[in-house]
Amino acid sequence: MPNFLLELGTEELPASFVASSAQQWQRLVPATLAEESLTNDSINVYATPRRLAVLVKGLPVQQLDREEEVKGPPASSAFKDGKPTKAAEGFAKKQGVEIDALEVRATDKGDFVFVLKKIPGRMTADILTELVPQWINKLEGKRFMRWADGDLKFPRPIRWMVALLDDTVLPITLVSGSDTVKSDRISQGHRVLYTPPTPQKGETGGVSIPQAEDYVECLRAACVEVDRTQRKNQIKAQVEAAATKQGGYADITEDLLEEVTDLVEWPNAVVGKFDDEFLILPPEVITTIIVTNQRYFPILKSPNYPELLPYFITISNGDPAKAAIIAAGNERVVRARLADGQFFYKADLVKPLEDYLPKLATVTFQEDLGTVRAKVDRLCKIASLIATQLQITGEQQAYIARAALLCKADLVTQMVYELPEMQGIMGQKYALASGESEEVATAIFEHYLPKGAGDNLPQTLTGQVVGIADKLDTLVSIFGLGMLPTGSSDPFALRRAANAITNIIWAAQLPINLHQLLAEVVAEFTAARPETPAELLEQLYEFFLQRIRTLLQEEKNVDYDLVNAVLGENDPEYTERALRDLLDARERALFLQQIRNNQTLDLIYETVNRSTRLAAQGDLDKVELEPKTAVKPDLFQKSSEQAFYDAVVQLVPQTLLSKQTRNYQQLVDSLTEIAPAVSSFFDGPESVLVMDPDPEIKRNRLNLLGLLRNHARVLADFGAIVKS
């Protein structure tokens, strides 16, 4: 069973493409091999900054022979009076068979001619020769480039290619204008650490790979670790060991570890030092410079506290013997960056944070929406609206107003101008240095949260209110300009903002009426911009419902039909209810999923769903719960009607209590108890014809069903639920 190796050698690739290309080949290579019926024992993809490789083990020598059934022309066209026509002869010739091989079979569309062809399996080597260019050309990424004078695109120029089927080189050529890369068995080792043997006559320098299966070991001998997982583990172990040697703990974030893994081929941890005087800087400033700007690992004094030691660890791709020189060069860079940070920090502290507010009027938020100062004014009004809804008064309200006013002030400080990642963080530091309360300072930092999926949410009430206000202003303002997200395009991160608002409300249990709040904010915006589209509010309602729907399905794992049953489908009353009380909408969705999982939902589904379908033919509104105002007992003709009515009367206090306490189990228990009475109404010996010829009796019976539907609607629209 032969093994196949493909290695594509390049100039240094962007780190983001190294991981991305490996992931793409991990999907693409197995899929294309399966399409060609080429089974295998294993497929391993390898990637470094200078190469992308795949090793396929246990391939067949050739495809298995297979049979393929081909449908031809209608039998009426292929044969006349039992003799083949030109249509039959042409079909047989095209398929490479004799006329005798044609069969006539009946189909749904009549009789047709078929032929069963035997297709011999092709040699694996021939198939791989065709697949390799496809694997290369189908790779996707940002900023592909052309080189030489050809049209072949890749993130960096391709310099060599290894293509081995066991020990045989497969003849593959990549052409880019006058630049040609032909397959060989010669790879390249590490740029610095590997010295190729002196080539013999007729040979070239490099790493000669005798057999495909020898690839990983041959490259390791040339100081290249092609196994990305091994390289990542080595880096992590080296960084931890280096930090321990300095008496500290390595601060290893997954994102940085992933990126550094794709920057080197043979990792070597090098420790650098910076002056103790820079430790007066906030730890976040130092780590931002070290991690974000330089891709180094900082060293902490303790694993759970951000205080730093004056060291950093860089992962070198160079000669370990030159570690001191490498460290000195990195130290010069870090020293210069930290000196700049120290200067900015001291300069920013010269005046209190509030004094930066006027400068916000010189910074544009968005061309048509004015300055950041104008945004702050809008944000303050929205925060006040939220505080009013939440009935926040006194000191807490003052904290919210102050934090809303100051939350963007750090944007015009020198530190944040130089390091935009520090927005909010420096606002918190400068607020405390200016004598602001801890509550206000924390809220300035928290109002930016969450910064992405999985990030922390604001924990203080002030941070939650100001954060919601900030995101709501952005949503309403950008929507007001007609700049709605389309497809994957969302330059203002509006989906993330709506998700964040919803998650903050859910996590903090904030009883915010989003339906009312959106209406108030849109009214303020429209008053300032009369040209605002009339449909703005409805667009925002629909947008939030889409985000709530997505969060319930993808993050809370609620089935799609149960989400529809809570949010409503073309049901204004239900959609409004969800936006008025997001906490209740979430609780009802989670409860529905729970009773589906434990099969309690099955006990009431048929009863409620059948009643709901019939009630739709009546005219009872969907909020009426009181049977004494909707039903006339004197029109009853059967005992089942009275029993149904009595059961609904007893249901009323249970439904109202469930609605008030959100204890929907009480409602479900009551609906379970009423099921026998409803079943007798439909199917028992005293069953009735709902659609009675007498319009009054018919209406009375439909109203009974409508009442049951309405009580169930306190939990969900059962008409949207799909039977399990």
Side-chain angles (χ1 to χ4, degrees), residues 7 9-19 22 46-53 156 187-197 205-207 215-274 286-287 289-300 308-337:
E7 183 193 57
T10 69
E11 299 293 347
E12 269 73 3
L13 294 163
S16 59
F17 183 75
V18 175
Y46 304 106
T48 80
R50 292 184 69 206
R51 67 202 76 225
L52 180 62
R156 293 294 184 271
S187 180
Q188 298 297 320
H190 193 281
R191 282 194 188 275
V192 176
L193 300 177
Y194 176 67
T195 302
V207 180
Y215 176 66
V216 174
E217 292 307 318
C218 284
L219 268 293
R220 279 181 184 152
C223 300
V224 176
E225 177 54 74
V226 295
D227 188 320
R228 192 175 181 277
T229 301
Q230 287 291 330
R231 209 162 62 244
K232 180 179 175 180
N233 291 339
Q234 288 174 14
I235 292 171
K236 189 172 186 292
Q238 289 183 25
V239 170
E240 289 174 343
T244 300
K245 191 174 181 180
Q246 301 303 322
Y249 300 85
D251 183 12
I252 303 176
T253 61
E254 187 62 24
D255 287 347
L256 179 59
L257 181 59
E258 288 284 337
E259 183 175 4
V260 171
T261 298
D262 295 324
L263 290 173
V264 297
E265 291 198 312
W266 196 255
N268 175 44
V270 176
V271 177
K273 189 178 188 309
F274 57 86
I286 299 174
T287 54
I289 289 172
I290 289 176
V291 175
T292 306
N293 297 136
Q294 300 304 129
R295 310 313 193 258
Y296 303 158
F297 295 91
I299 302 179
L300 305 176
L308 297 168
L309 291 175
Y311 299 99
F312 60 88
I313 303 167
T314 180
I315 299 300
S316 167
N317 196 40
D319 187 349
K322 306 292 177 59
I325 298 174
I326 295 170
N330 290 324
E331 287 169 356
R332 284 195 297 272
V333 175
V334 169
R335 188 181 302 113
R337 297 302 303 269

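What you see below is based on every heavy atom in this structure, not just the backbone, and it leaves out hydrogens, waters and symmetry mates. These figures come from a predicted structure and were not determined experimentally.
Contact of the Glu331 side chain with the Phe274 side chain is not registered, since no non-hydrogen atoms from C-beta on lie closer than 4.5 Å. Taking the side chain as every heavy atom from C-beta outward, Ile315 and Val239 approach each other to under 4.5 Å. Under the 4.5 Å side-chain criterion, counting only non-hydrogen atoms from C-beta, Val264 is in contact with Ile235. With a 4.5 Å cut-off on side-chain heavy atoms, Asp227 and Arg220 count as touching. Counting heavy atoms from C-beta on, the side chains of Glu265 and Pro49 come closer than 4.5 Å. A heavy-atom distance below 4.5 Å is found between the side chains of Ile252 and Lys236. Under the 4.5 Å side-chain criterion, counting only non-hydrogen atoms from C-beta, Val224 is not in contact with Arg50. In this structure, Pro267 and Thr261 have side chains that are not in contact, with every pair of non-hydrogen atoms separated by 4.5 Å or more.
A side chain to side chain donor-acceptor pair (under 3.5 Å) with His190 holds for exactly one of Thr48, Asp319, Asn317; it is Asn317.
Looking at residues two or more places apart in sequence or on another chain, you find a salt bridge (Lys or Arg N to Asp or Glu O under 4.0 Å) between Arg231 and Asp262. Residues satisfying the salt bridge (Lys or Arg N to Asp or Glu O under 4.0 Å) criterion with Lys232, sequence neighbours excluded, are Glu254, Glu258. Glu11 pairs by the salt bridge (Lys or Arg N to Asp or Glu O under 4.0 Å) definition with Arg159, Arg191, not counting sequence neighbours.
Of all the heavy atoms in Ala222 and Val207, the pair that sits closest is CB-CG2, 3.5 Å. Of all heavy-atom pairs between Arg51 and Ser187, the closest is NH1-OG, 3.2 Å. The shortest non-hydrogen separation linking Val271 to Ala242 is CG2-CB, 3.8 Å. Between Ala269 and Ile313, the shortest heavy-atom distance links the atoms CB-CG2, 4.0 Å. The two atoms that bring Pro298 and Leu308 nearest to each other are CB-CD2, 4.0 Å, heavy atoms only. Val270 approaches Ala323 most closely through the heavy-atom pair CG1-O, 3.5 Å.
Under a cut-off of 6.0 angstrom, the local environment of CZ in Arg295 is crowded, with over 12 non-hydrogen atoms contributed by other residues, nucleotides or ligands. Counting non-hydrogen atoms of other residues, nucleotides and ligands closer than 6.0 Å to NZ of Lys322 gives a total of 12 or fewer. No more than 12 heavy-atom neighbours from other residues, nucleotides or ligands sit within 6.0 angstrom of OH on Tyr249.
In this structure, the separation between OG1 on Thr287 and CD1 on Ile299 is 13.5 Å, given to the nearest 0.5 Å. In this structure, CD on Gln246 lies 13.5 Å from CG on Leu300, to the nearest 0.5 angstrom. Remark: Tyr46 OH to Thr229 OG1 distance equals 10.0 Å, nearest 0.5 Å. Distance CD/Glu259 to CG/Leu256: 6.5 Å, rounded to 0.5 Å. Atom CZ of Phe297 and atom OG1 of Thr253 lie 7.0 Å apart (nearest 0.5 Å).
Ring pair Tyr296/Phe312 is parallel by interplanar angle, where below 30° counts as parallel and above 60° as perpendicular.
Of the possible polar contacts, none joining the Arg337 side chain to the Ile286 backbone as a donor-acceptor pair under 3.5 Å is found. No donor-acceptor distance shorter than 3.5 angstrom exists from the side chain of Gln188 to the backbone of Gly9, with no hydrogens or angles considered. Between the side chain of Arg156 and the main chain of Leu13, no donor-acceptor pair closer than 3.5 Å is present.
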